[in-house]
Amino acid sequence: MRIGVLGTGNMADALATHWVRAGHQVTIGGRDPHKAERLATRIGGSAKPASLRAAAESGQVVLAALPFGAGVSVVRGLRTALDGKVLLDCSNPVGQGFRLLTEGGPSAAQRLAAAAPGAHVVKAFNLCHEDVWRMRPPVFDGRPLAVPVCGDDERALARVRELVQDVGCEPVAGGGLERAGLLEATAALFIALWVGEGADAQAIAPPLAYAAGLRNQESDDGTGAFP
C-alpha cells in the first residue's frame with residue numbers, strides 16, 4: 001500500500017515505522033524539508049521525504065499526523081490532492097486542563113472531512129501515547145491492543161483495519177464518522193485520568209462478560225442468573 005504521512009512528529013514516526021516494516025511504501029511530508037528528510041532517514045526502508053502536497057498525492061491512505069490546531073488548514077490546502085483518498089485522523093483535540101476543544105461542535109475528524117470533502121476520513125489511533133504505538137507489538141497480558149476505527153466508507157475502513165493489524169493491534173468497529181467525537185471525548189477522559197489523577201483508566205470498565213450486567217451470569221451459589 002502507498003501511504004502518505006502529513007507531519008514529522010512522534011505519531012508520524014511511530015506509525016510509519018510499523019508500516020514500513022510491514023512492506024508499505026511510505027512518503028513523509030512536512031513543511032520543513034529537513035525534518036521530513038531526518039524522519040525518513042531514521043525510519044529507513046521504503047520511507048522517503050517529500051513536501052506535504054507530494055505526500056498527499058502519493059498515498060492511497062494519507063495519515064494526518066498533525067496537531068488539532070493545524071489539521072484543518074493543512075488539509076483544506078491539500079483538498080484536491082486528497083480527493084478519493086483515505087484520510088486517517090489520529091489527532092486529539094485536548095487542551096489545557098484536559099478540556100475537549102471541540103465540545104459543542106463537530107469532532108476533529110468531521111472538521112477534516114469538511115475541509116476535504118472528496119476524501120474518506122477515518123478516525124483511529126487516538127487513544128494511546130505515541131510510545132505505545134512504538135511497541136513491537138502493543139500486547140498487554142497476552143492480549144493485543146484493540147483499536148476502535150470510525151468511518152463511513154467500507155473500502156476506507158478495510159484499508160485502515162489492515163494498517164491497524166500491521167501495527168500488531170486488533171481493529172474494532174467504532175461506527176460511522178459521526179461517532180469519532182466519542183473517541184475524542186474518550187481520549188480526553190482517559191488522559192485526564194492517566195495524567196491528571198494517576199488512575200488506571202482500564203479499571204473503570206468491567207470484563208466483556210459483565211458488560212450487559214449480571215443477568216447473564218450465574219450467581220455465586222450456582223442457582224443461575226439474577227431475575
Side-chain angles (χ1 to χ4, degrees), residues 5-19 61-75 86-115 120-135 137-140 143-152 156-157 160-161 163-206 208 211:
V5 176
L6 307 180
T8 56
N10 290 327
M11 285 295 289
D13 186 358
L15 293 174
T17 296
H18 282 288
W19 296 334
V61 175
V62 179
L63 171 67
L66 301 163
F68 169 65
V72 167
S73 62
V74 170
V75 165
V86 181
L87 181 59
L88 176 54
D89 174 34
C90 65
S91 69
N92 275 324
V94 180
Q96 189 173 7
F98 314 110
R99 182 171 61 90
L100 185 64
L101 298 176
T102 57
E103 189 172 4
S107 68
Q110 288 173 314
R111 295 175 194 216
L112 292 189
H120 305 296
V121 177
V122 177
K123 186 82 182 189
F125 295 111
N126 73 305
L127 291 182
C128 295
H129 190 274
E130 61 263 15
D131 286 347
V132 173
W133 303 123
R134 293 183 196 278
M135 295 174 67
V139 173
F140 302 92
R143 183 174 63 177
L145 185 69
V147 178
V149 178
C150 293
D152 296 330
L157 290 168
V160 173
R161 286 194 294 265
L163 295 179
V164 169
Q165 291 170 332
D166 288 336
V167 175
C169 300
E170 293 292 334
V172 176
L177 196 66
E178 78 279 357
R179 298 188 70 185
L182 298 179
L183 271 185
E184 295 168 7
T186 298
L189 173 62
F190 279 13
I191 293 168
L193 291 173
W194 287 324
V195 179
E197 303 296 333
D200 182 358
Q202 274 195 321
I204 69 176
L208 176 61

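- The CG atom of Leu163 lies 9.0 Å from the CG atom of Leu63; values are rounded to the nearest 0.5 Å.
- Nearest heavy-atom pair, Ala12 versus Gly7, reported as atom, atom and distance to 0.1 Å: CB-O, 3.4 Å.
- In this structure the side chain of Val172 never reaches within 4.5 angstrom of the side chain of Val149, judged on heavy atoms.
- By the side chain to side chain contact (heavy atoms under 4.5 Å, CB included) test, Gln202 pairs with Arg143, Asp200, sequence neighbours left out.
- The main-chain N or O of Asn92 is never found under 3.5 Å from a side-chain atom of Asn126 such that the two would form a donor-acceptor pair.
- Rounding to the nearest 0.5 Å places CG of Leu157 at 9.5 Å from CG of Leu177.
- Ala64 approaches Leu112 most closely through the heavy-atom pair CB-CD1, 4.2 Å.
- Here Pro106 pairs with Gln110, Arg111 under the side chain to side chain contact (heavy atoms under 4.5 Å, CB included) rule; sequence neighbours left out.
- Atom-to-atom distance recorded for Leu127:CG and Cys90:SG is 11.0 Å, nearest 0.5 angstrom.
- Applying the side-chain hydrogen bond (donor to acceptor under 3.5 Å, both in side chains) rule to Glu130 yields the partners Asn10; only residues at least two apart in sequence or on another chain are considered.
- Within the model, atoms CG of Leu183 and CZ of Phe125 stand 12.0 Å from one another, a figure rounded to the nearest 0.5 Å.
- Atom CG of Leu208 has 12 or fewer heavy atoms from other residues, nucleotides or ligands within 6.0 Å.
- The CH2 atom of Trp133 lies 9.0 Å from the NE2 atom of His18; values are rounded to the nearest 0.5 Å.
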What do the steps show when you test Val132 against Phe140 for side chain to side chain contact (heavy atoms under 4.5 Å, CB included), and what is the final call?
CA-CA 10 Å; Val132 173; Phe140 302 92; 4.2 Å; yes

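- Taking Thr8 as the reference, nothing meets the side-chain hydrogen bond (donor to acceptor under 3.5 Å, both in side chains) condition, with sequence neighbours excluded.
- For the residue pair Pro148 and Ala146, the shortest heavy atom distance occurs at CD-O, 3.7 Å.
- By the salt bridge (charged side-chain N to carboxylate O under 4.0 Å, His left out) test, Asp131 pairs with Arg134, sequence neighbours left out.
- For Ala156, the side chain to side chain contact (heavy atoms under 4.5 Å, CB included) test picks out Val86, His120, Val122, Asp153, with sequence neighbours left out.
- Counting all heavy atoms, side chain and backbone alike, Ala108 lies closest to Ser91 at CB-OG, 3.6 Å.
- Scanning both residues, Ala180 and Ala109, for their nearest heavy atoms gives CB-CB, 3.7 Å.
- Annotation: side-chain hydrogen bond (donor to acceptor under 3.5 Å, both in side chains) contacts of Thr17 (sequence neighbours excluded): Asp13.
- The CD atom of Gln96 sits 10.5 Å away from the CG atom of Leu101 when rounded to the nearest 0.5 Å.
- Residues passing the side chain to side chain contact (heavy atoms under 4.5 Å, CB included) test with Val139, sequence neighbours excluded: Pro137, Pro144.
- Ala201 and Leu193 make their closest contact through CB-CD1, 4.2 Å (heavy atoms, listed as atom of the first residue, atom of the second, distance).
- Identified under the side-chain hydrogen bond (donor to acceptor under 3.5 Å, both in side chains) test for residues 173-197, with sequence neighbours left out: Lys123-Glu184.
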